[in-house]
Amino acid sequence: MPGRSARETTIADLRISTWNVNSIRRRLDGLAALVAAHAPDVICLQETKVAAEAFPREACADLGYPHQVIAGFKGRNGVAILAREALADGTGHDWCDRADGRHVAARLGDGIEVHSLYVPAGGDEPDPERNPRFAHKLRFLAELTNWFAARKAPLNRFVLTGDLNIAPLEADVWNHAALVKVVSHTPVEVAALARLEASHDWTDAVRRLVPAPEKVYSWWSYRARDWRLANRGRRLDHVWVTPALAEGLAAVAVLTEARDWEGPSDHVPVTVTMARS
DNA sequence: ATGGTTGCCGTGCAA
C-alpha cells in the first residue's frame, strides 16, 4: 500500500507521520529517510526507549524539527511529537496510575491538537483475569475513552496517532482466523478500540482513503526469515481525526519500504495529509 | 506446534 490520494495536496495542508521506532537512538538514519520520503510537518514517535533528558533533541532539530514534546524513561516505552512549527501546551498524560511515557499531546499554532500514543501491547494471554498486561491494555483504552468523551465538542480539531497495538479489521491482518485469538486482534480488544473510536466520532484516516477489504499493514515481526515473502503483517499504527478534519483528508501513505532499511524498526511510518481548516 | 529477532543492558524480559 504505497499510498492513496483523495485530491492534490498543497503546502497549506498538514502532513503528519506516526512511527514506532523501537529505539530512537537506533533509528536516527531512518528518521532522516522518513523526512526525505514523506516530508512530514509533524512526526509522532513511539517506543523511543530513552529517558526524556537523554532524547536526541539536537539530531531531530537538525533534521528540521526543533519543536519537540517528549516523554520517556530509561529503556522502555517513550513517545514524542516533533514539529517544524511551534507547539503549544505540550503535555504528557499518564493512565492507569503509572507514569510510563505512553501519551503526549500538543497544539499546533492553528489550534489542531496532536496526540502521540503507545498503547500497552498486552502480553500473550488475552485474558484480563490471568494476564495483568492484558488488563492494563484494556484499562488504558477505557481511561482514554472516558477522557476523550468528556472533552467532546463539535468543532474540535484533534489528530490521534500512534501504535495502538490493535488491528481492528480483518483487512488489517494477514489471516483473521489465525489471529482472532492472538493479542492485537481479539474481539475484546477490537470492541475496546471501537469504544475509543466512538468517544469522539473519530475517523480512521487510513481506512477512509483505503477501505477494507484492501489489506494494509504497518508492522511485520522481526522473527520472520523473510518478512516480505511471509507477509504476515498487521495494521497496528493508526491516524484518527475528528469530524472537522475528516472532511479535509487528502492522502495517506504507508512507507512499507522502511521495513527493508538497514537496521529497521518492526513498524513502518504511516503518513496522513489533511487540510488544516 | 514451535520458534523465530530486536533492543534494553550487560540478565532476562518485553515486544
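Chain naming here is simple, since letters A, B, ... match the order of the sequence lines and numbering starts at 1 in each.
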Engineer: Identify which nucleotide among B/dT5, B/dA15, B/dC9 has an atom closest to any side-chain atom of A/Tyr222, counting heavy atoms from C-beta outward.
Structural biologist: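 Given the options B/dT5, B/dA15, B/dC9, the side chain of A/Tyr222 is closest to B/dT5.
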
Engineer: Considering only atom C1', compute the distance from B/dG7 to B/dT11 and round it to an integer number of Å.
Structural biologist: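 My reading of the C1' atoms in B/dG7 and B/dT11 gives 13 Å.
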
Engineer: First locate atom CD1 of A/Ile16, then atom SG of A/Cys44, and finally report the distance between them rounded to the nearest 0.5 Å.
Structural biologist: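 The CD1 atom of A/Ile16 sits 4.0 Å away from the SG atom of A/Cys44.
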
Engineer: Are any of A/Arg76's side-chain N or O atoms less than 4.0 Å away from OP1 or OP2 of B/dA15?
Structural biologist: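 No.
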
Engineer: What distance, rounded to whole Å, do you find between the two P atoms, one in B/dT6 and one in B/dA1?
Structural biologist: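 Comparing P positions in B/dT6 and B/dA1 gives a spacing of 26 Å.
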
Engineer: Looking at A/Arg133, does any N or O in its side chain come under 4.0 Å of the phosphate oxygens OP1/OP2 on B/dA14?
Structural biologist: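 Yes, within the criterion.
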
Engineer: Could you give the CG-to-C1' distance, from A/Asn131 to B/dA14, as a whole number of Å?
Structural biologist: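 Checked: the CG to C1' distance equals 12 Å.
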
Engineer: Under 4.0 Å: is that the gap between some side-chain N or O of A/Arg26 and OP1 or OP2 of B/dC8?
Structural biologist: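 So the side chain of A/Arg26 is within the cut-off, an N or O lying under 4.0 Å from OP1 or OP2 of B/dC8.
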
Engineer: Answer yes or no: does a side-chain N or O of A/Lys49 lie under 4.0 Å from OP1 or OP2 of B/dT6?
Structural biologist: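 No, A/Lys49 has no side-chain N/O under 4.0 Å of OP1/OP2 on B/dT6.
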
Engineer: How many whole angstroms separate atom NZ of A/Lys74 from atom C1' of B/dA14?
Structural biologist: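 The answer, rounded to whole Å, is 17 Å.
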
Engineer: Check whether NZ of the Lys or CZ of the Arg A/Arg151 lies under 6.0 Å from the centre of the six-membered ring of A/Trp147 and within 45 degrees of that ring's axis.
Structural biologist: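 Yes, A/Arg151 sits over the ring of A/Trp147.
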
Engineer: Does one hydrophobic cluster hold both A/Ile70 and A/Ile43, with members joined at side-chain heavy-atom distances below 4.5 Å?
Structural biologist: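 Shared cluster, yes.
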
Engineer: In whole Å, what is the span from the CG atom of A/Asn165 to the P atom of B/dA15?
Structural biologist: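 Between P of B/dA15 and CG of A/Asn165: 8 Å.
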
Engineer: Using the rule that Ile, Leu, Val, Met, Phe, Trp and Tyr join whenever any side-chain heavy atoms are under 4.5 Å apart, tell me whether A/Val69 and A/Phe158 fall into a single cluster.
Structural biologist: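 No.
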
Engineer: With a non-hydrogen cut-off below 4.0 angstrom, is A/Arg232 in contact with a base, only sugar-phosphate, or nothing?
Structural biologist: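 Nothing, no heavy atom under 4.0 Å.
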
Engineer: From CZ of A/Arg225 over to P of B/dT2, roughly how many Å is that when rounded to an integer?
Structural biologist: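 In whole Å, B/dT2 P and A/Arg225 CZ are 16 Å from each other.
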
Engineer: Of all the nucleotides listed (B/dC8, B/dA15, B/dG7), which has the minimum atom distance to the side chain of A/Asn22?
Structural biologist: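 The closest nucleotide is B/dG7.
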
Engineer: In whole angstrom, give the distance that lies between atom CD of A/Glu262 and atom P of B/dG7.
Structural biologist: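 Going from CD in A/Glu262 over to P in B/dG7 covers 12 Å.
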
Engineer: Using the rule that Ile, Leu, Val, Met, Phe, Trp and Tyr join whenever any side-chain heavy atoms are under 4.5 Å apart, tell me whether A/Val272 and A/Val241 fall into a single cluster.
Structural biologist: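 Yes, A/Val272 connects to A/Val241 through the hydrophobic network.
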
Engineer: May I ask you to check if A/Arg232 and A/Trp174 form a cation-pi contact, with NZ or CZ under 6.0 angstrom from the six-membered ring centre and within 45° of the axis?
Structural biologist: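 Verdict for A/Trp174: a cation-pi partner in A/Arg232.
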
Engineer: Suppose you measure atom P in B/dG3 against the same atom in B/dC9; what distance do you get, rounded to whole Å?
Structural biologist: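 Taking atom P in both B/dG3 and B/dC9, they lie 28 Å apart.
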
Engineer: Could you say whether A/Ala224 or A/Asn77 is positioned toward the 5' end of DNA chain B, judged by the nucleotide with the nearest heavy atom to each?
Structural biologist: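 Residue closer to the 5' terminus by nearest nucleotide: A/Ala224.
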
Engineer: Ignoring backbone atoms, test whether A/Ser23 places a side-chain nitrogen or oxygen under 4.0 Å from the OP1 or OP2 oxygen of B/dC8.
Structural biologist: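 The answer is yes; a side-chain N or O of A/Ser23 sits under 4.0 Å from OP1 or OP2.
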
Engineer: Return the value, rounded to whole Å, for the distance between atom CG of A/Asp100 and atom P of B/dC8.
Structural biologist: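 One finds 18 Å between P of B/dC8 and CG of A/Asp100, rounded.
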
Engineer: Please state how far atom CG in A/Asp163 lies from atom C1' in B/dA15, giving the value in whole angstrom units.
Structural biologist: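 So the two atoms are 10 Å apart, to the nearest Å.
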
Engineer: Whole angstroms only, please: what is the CG-P distance between A/Asp124 and B/dT2?
Structural biologist: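 Spelled out: CG on A/Asp124 to P on B/dT2 is 13 Å.
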
Engineer: Is A/Arg223 side chain donor-acceptor paired with the B/dA15 base, going by distance under 3.5 Å alone?
Structural biologist: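 Such a pair exists between side chain and base.
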
Engineer: Determine the contact category for A/Phe73: base if any of its heavy atoms lies under 4.0 Å from a base atom, sugar-phosphate if only primed atoms, P, OP1 or OP2 are that close, otherwise nothing.
Structural biologist: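 The residue A/Phe73 makes no contact with any strand.
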
Engineer: If you measure from the C1' atom in B/dT2 to the same atom in B/dC8, how many Å do you get, rounded?
Structural biologist: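 Their C1' atoms lie roughly 26 Å apart.
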
